[in-house]
Amino acid sequence: MRFSRAYIPTTKESPKDAQLPSHIYLSRAGFVAQVASGLYNFLPLGKRVLRKIETIINEEMAACGALEVDLSFVTPAELWEESGRIEKFGKELLRFRDRKDNLFVLGPTHEEMMVSIVRNRVTSYKQLPLNVYQIKTKFRDEARPRFGLMRAREFVMKDGYSFHASTEDLDREFDAMEAAYKRILERLGLSFRIVEADSGAIGGTGSKELMVLAQSGEDTLAVCDTCEYGANVEAARRAPRSTVPEAPEADFAKFKTPNIKSIDDLSAFFHTDPFYTLKAVIKRAVYTEGSEPVCFFIRGCDELQEVKARNSVGAIDLVDITEEELREIGLVPGFVGPLDQDKTRFVMDNNTRDATSMICGANETDYHFVGVTLSVMNEASFADLVAVQEGDGCPHCGGKLLHTKGIEVGHIFKLGTVYSAPLKAEYLDENGRSQPFIMGTYGMGVSRLVAAVIEQHHDERGCIWTHATAPYMVNVMVSNIKEEAHMAYAETLYLELQSRGIETILDDRKERFGFKMSDAELIGFPLTVIIGKELENEQVQIMIRATREIITIDAAGILDKIEELTR
RNA sequence: CGGGGCGUAGCUCAGUAUGGUUAGAGUACUUGGUUUGGGACCAAGGGGCCGGAGGUUCGAGUCCUCUCGCCCCGACCA
């Protein structure tokens, strides 16, 4: 491609709305242009990057025997009513009616459609397993689109679904998909982590998210500094404490603790570690129908993880509760404890199981109990409630857990029969019995990956594309196109590189050196060959974008050098 | 969906408090000239329904009402 004939509208100024590096540079370098909130046009360079990512995904899916399909973007609302998700998705589903007044939705994901193409066609266990996928535009009418391509309303996603006759076979396919996803991200040149995740309201097990590590990530991860373990904080686990602080010595007693309400005050008052205090966190749990106050008890040294807490009671939301509401229920703010208390439902953290020497509220103003043994609490329900902190132990190897930020670019999990059962998608097993398909689902955000590459690879001058994602690998830049010998040399090099299969752009624009260099850096081609005054000495220069290092070499060796650098 | 902010040239923004000839700058664009290794300089140009509708006024980019759009914080996010 000749730059003079390309359409690459670069700008010096960032769009005022852009905040994230990916948004700023993809806009400034002319990869994408915003149309409306959460809607983007892909310009020629952006489209090339998108296609490169799609090609890699297609290659890896083909290697696994997954089959590509293309389902209609507009889907009849009946399918969504059948699965019950028309309600669950709510306003995120964009609905509209056709001329015959039939209701349709724009597909936000395609579980229903994919099940519908298989059901009543795949009828025997002999036709299983089956893994089908598509790379397709999705639409979710997000309440608040933001961060450019990272959270758009219209986006490109690869969504795949597998169908099996046994959970063992699903497990095998799931592992194969995890390996394939790992290869895709490796080939893209991304640094990432596969982490354990919360399955969300939809249920299912073995939920794993593929996280590209970047400061601007929306998700917080707990990752082990020693082994491969990593988890979204919403689902992170930790090893039991290897050492526990010295326990306070006290027999069971009620103790006057005037105005001692916080964990800090309490541990200071008794000169003991917060480990031996019991923290009560009271929330209002909201269910599909109705709500109730719930008291979560955790050790004073821990923090409540809200997603875990929500899951522990099957609530759809937890909201804060006021001190007045607490008093109305009959609880004493600052002195809430689990003993002799039946005012609310309560959940105890697993770490408090069989705890001894504990200090907890006495449900009476200015009094706490000391020397409490929680093994008597067997009627309470226990669950994992705590937020993993930095420095906690890894549940696998005992290494240290650290927090980091990640961009979720993939999510795979085992659906089981969550969709196949209600949609009555069944096959006949060896015994001639009808069975719902056992399903797995594998998603990857393709347009989000474009942004993720830049979030992870940029500097203050612009994009730094990885070799697999670069719109062009080499930019042949002529410093001054009026120098006929320079242009002639560049033309020859341009043709030669292309004949060797290296994607090349020739910057033949009538612009000054600095202008072209700035564009090269903003756009982020991995290599820029600078053809200019050095040519008088039979030399050319190569600017390596990642480091901005400029190397000067003999013109004769340029092709070999480029092949070496692009390998 | 709650809270906040912003809509003026292709882009980034002044101008609005206190209404008053022909609405500005930078950048980008066109033409001519000079330059040619880090977004160069000189000169001359084209480009605007001041988001939209209604109102107040002799007169509205500016004041009032309504509306639409975009951004930020939060809630939400299979």
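Owing to the predicted nature of the structure, the values given are computational and were not obtained by experimental measurement. Every heavy atom of this structure was used, including side-chain atoms; hydrogens, water molecules and symmetry mates were not.
- For B:rG39, its base never sits under 3.5 Å from the side chain of A:Glu521 at any donor and acceptor pair.
- In this model, the phosphate group of B:rC71 is approached by a side-chain N or O of A:Gln34 to a distance below 4.0 Å at OP1 or OP2.
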Using a 3.5 Å limit on both pairing distances, list the dot-bracket string of RNA chain B from the 5' end; Watson-Crick and G-U wobble pairs count, crossing pairs take [ ], interstrand pairs take |. (((((((..((((......[...)))).((((((.....)))))).....(((((..]....))))))))))))....
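- One atom, CZ of A:Arg146, and another, P of B:rG4, lie 18 Å apart when rounded to the nearest Å.
- A gap of 12 Å separates the P atoms of B:rA28 and B:rC42, to the nearest Å.
- Using a 5.5 Å limit on the distance between ring centres and a 30° limit on the angle between planes, the aromatic ring of A:Phe515 does not count as stacked on the six-membered base ring of B:rG39.
- Among the heavy atoms of the strands, none lies under 4.0 Å from A:Glu112.
- Using a 4.0 Å cut-off between a side-chain N of Lys or Arg and a carboxylate O of Asp or Glu, A:Arg119 and A:Glu111 do not qualify as a salt bridge.
- Among the protein residues, A:Ser14 comes within range of the sugar-phosphate backbone only, with heavy atoms under 4.0 Å from sugar or phosphate atoms but none that close to a base.
- A salt bridge links A:Glu491 with A:Arg2: the distance from a Lys NZ or Arg NE/NH1/NH2 to an Asp or Glu carboxylate oxygen falls below 4.0 Å.
- Only the P atoms considered, B:rC64 is 11 Å distant from B:rG19, to the nearest whole Å.
- Paired with A:Phe31 under the rule ring-ring contact (aromatic ring centres under 6.0 Å, His included), one option of A:Phe42, A:Tyr7, A:Trp465 passes, and it is A:Trp465.
- Among the heavy atoms of the strands, none lies under 4.0 Å from A:Met477.
- Looking at heavy-atom distances under 4.0 Å, A:Glu534 makes contact with a base.
- When the nearest nucleotides of RNA chain B are assigned to A:Val35 and A:Lys16 by heavy-atom distance, the more 5′-ward of the two goes with A:Lys16.
- Salt bridge present: A:Glu178 and A:Lys208 bring a charged side-chain N and a carboxylate O closer than 4.0 Å.
- Using atom C1' as the reference point in both B:rG20 and B:rG33, the two lie 42 Å apart (nearest Å).
- For the side-chain hydrogen bond (donor to acceptor under 3.5 Å, both in side chains) with A:Glu521, the lone residue among A:Lys516, A:Arg461, A:Arg545 that qualifies is A:Arg461.
- Using a 4.0 Å heavy-atom cutoff across all strands shown, A:Pro15 reaches sugar-phosphate atoms only and no base atom.
- A distance of about 49 Å separates the C1' atoms of B:rU56 and B:rG39, rounded to the whole Å.
- Residue-level contact check: A:Lys91 touches the backbone only, with heavy atoms under 4.0 Å from sugar-phosphate atoms and none from bases.
- Checked by distance alone, A:Lys12 brings no side-chain donor or acceptor within 3.5 Å of a matching partner on the base of B:rU12.
- At whole-Å resolution of the value, CE in A:Met517 and P in B:rG39 are 11 Å apart.
- Taking atom P in both B:rC6 and B:rG10, the straight-line distance is 22 Å, to the nearest Å.
- Heavy atoms of A:Ser37 sit under 4.0 angstrom from primed sugar atoms or phosphate atoms, though from no base atom.
- Across all strands, A:Glu408 comes closer than 4.0 Å to no nucleic acid atom at all (heavy-atom distances).
- At a threshold of 4.0 angstrom between heavy atoms, the contacts of A:Lys533 include nucleobase atoms, whether or not backbone atoms are also involved.
- Here the separation of B:rG5 from B:rG24, taken at their C1' atoms, is 24 Å to the nearest Å.
- For A:Asn480 against B:rG37, a side-chain-to-base donor-acceptor contact under 3.5 Å is absent.
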